[in-house]
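To keep things clear, I will list the structure first and then write my remarks on it.
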Amino acid sequence: MNAKFISPGKTVDYTASAAVSAGTVVVQGELVGIAETDIEEGMTGALGVEGVYEVVKDSSDITAGAIVYWDDSAKKATGTEGSDKRLGLAVSAAGTGVGVVQVKLG
């Protein structure tokens, strides 16, 4: 046997090293997910890794279909890659004056 089914993959388990509030973007290496509920320190909870989420963003101009990255130091989505991790794809445009962007994770 080379593989064994574990789950559909819409969420992944995450053990919090510090308390995490629902809606917090969590970066683990190249895997970026969003806490579905509050997770207490030392406890395991679910990170959403599929679906469309509205996420706070910086002042970058993000077009529909563009790759969206997560700037973990600023705690905001951005259209600029730099050293930031891929969050997903913008499902609608979010210009420079817009404070949120809708992102399909992945």
Give me each pair satisfying side chain to side chain donor-acceptor pair (under 3.5 Å) with a member in [range], each pair once, sequence neighbours excluded.
range	answer
residues 62-73	W70-D72, D71-S73, D72-K75
residues 85-94	E30-K85
residues 45-61	D58-S60, D58-T78

Shared hydrophobic cluster, V12 / V25 (ILVMFWY, side-chain heavy atoms < 4.5 Å):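 Not linked; separate clusters.
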ask   = Should V27 and V55 be counted in the same cluster of Ile, Leu, Val, Met, Phe, Trp and Tyr side chains packed under 4.5 Å apart?
value =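 Linked, V27 and V55 end up in one cluster.
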Counting only heavy atoms not in E40, do more than 12 sit closer than 6.0 Å to its CD atom? no
Hits for side-chain contact (heavy atoms from CB on, under 4.5 Å) against T44, two or more places apart or cross-chain, chain-then-number order -> D13, T15
Applying side-chain contact (heavy atoms from CB on, under 4.5 Å) to A46 and not counting sequence neighbours gives T11, E36
Here the salt bridge (charged side-chain N to carboxylate O under 4.0 Å, His left out) pairs for residues 93-106, sequence neighbours left out, are none
- Worked verdict on V32 versus V26 for side chain to side chain contact (heavy atoms under 4.5 Å, CB included): CA-CA 6 Å; V32 181; V26 176; over 6 Å; no
Report the distance from atom CG of L31 to atom CG of L105, rounding to the nearest 0.5 Å.
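Separation between the atoms: 10.0 Å.
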Can you check whether [X] reaches [Y] side chain to side chain, under 4.5 Å on heavy atoms?
X	Y	result
I67	L89	yes
I34	L47	no
D38	V20	no

Smallest separation among heavy atoms of [X] and [Y], with atom names:
X	Y	result
A90	V101	CB-CG2, 4.1 Å
V68	A77	CG1-CB, 3.6 Å
S21	T24	O-OG1, 2.7 Å

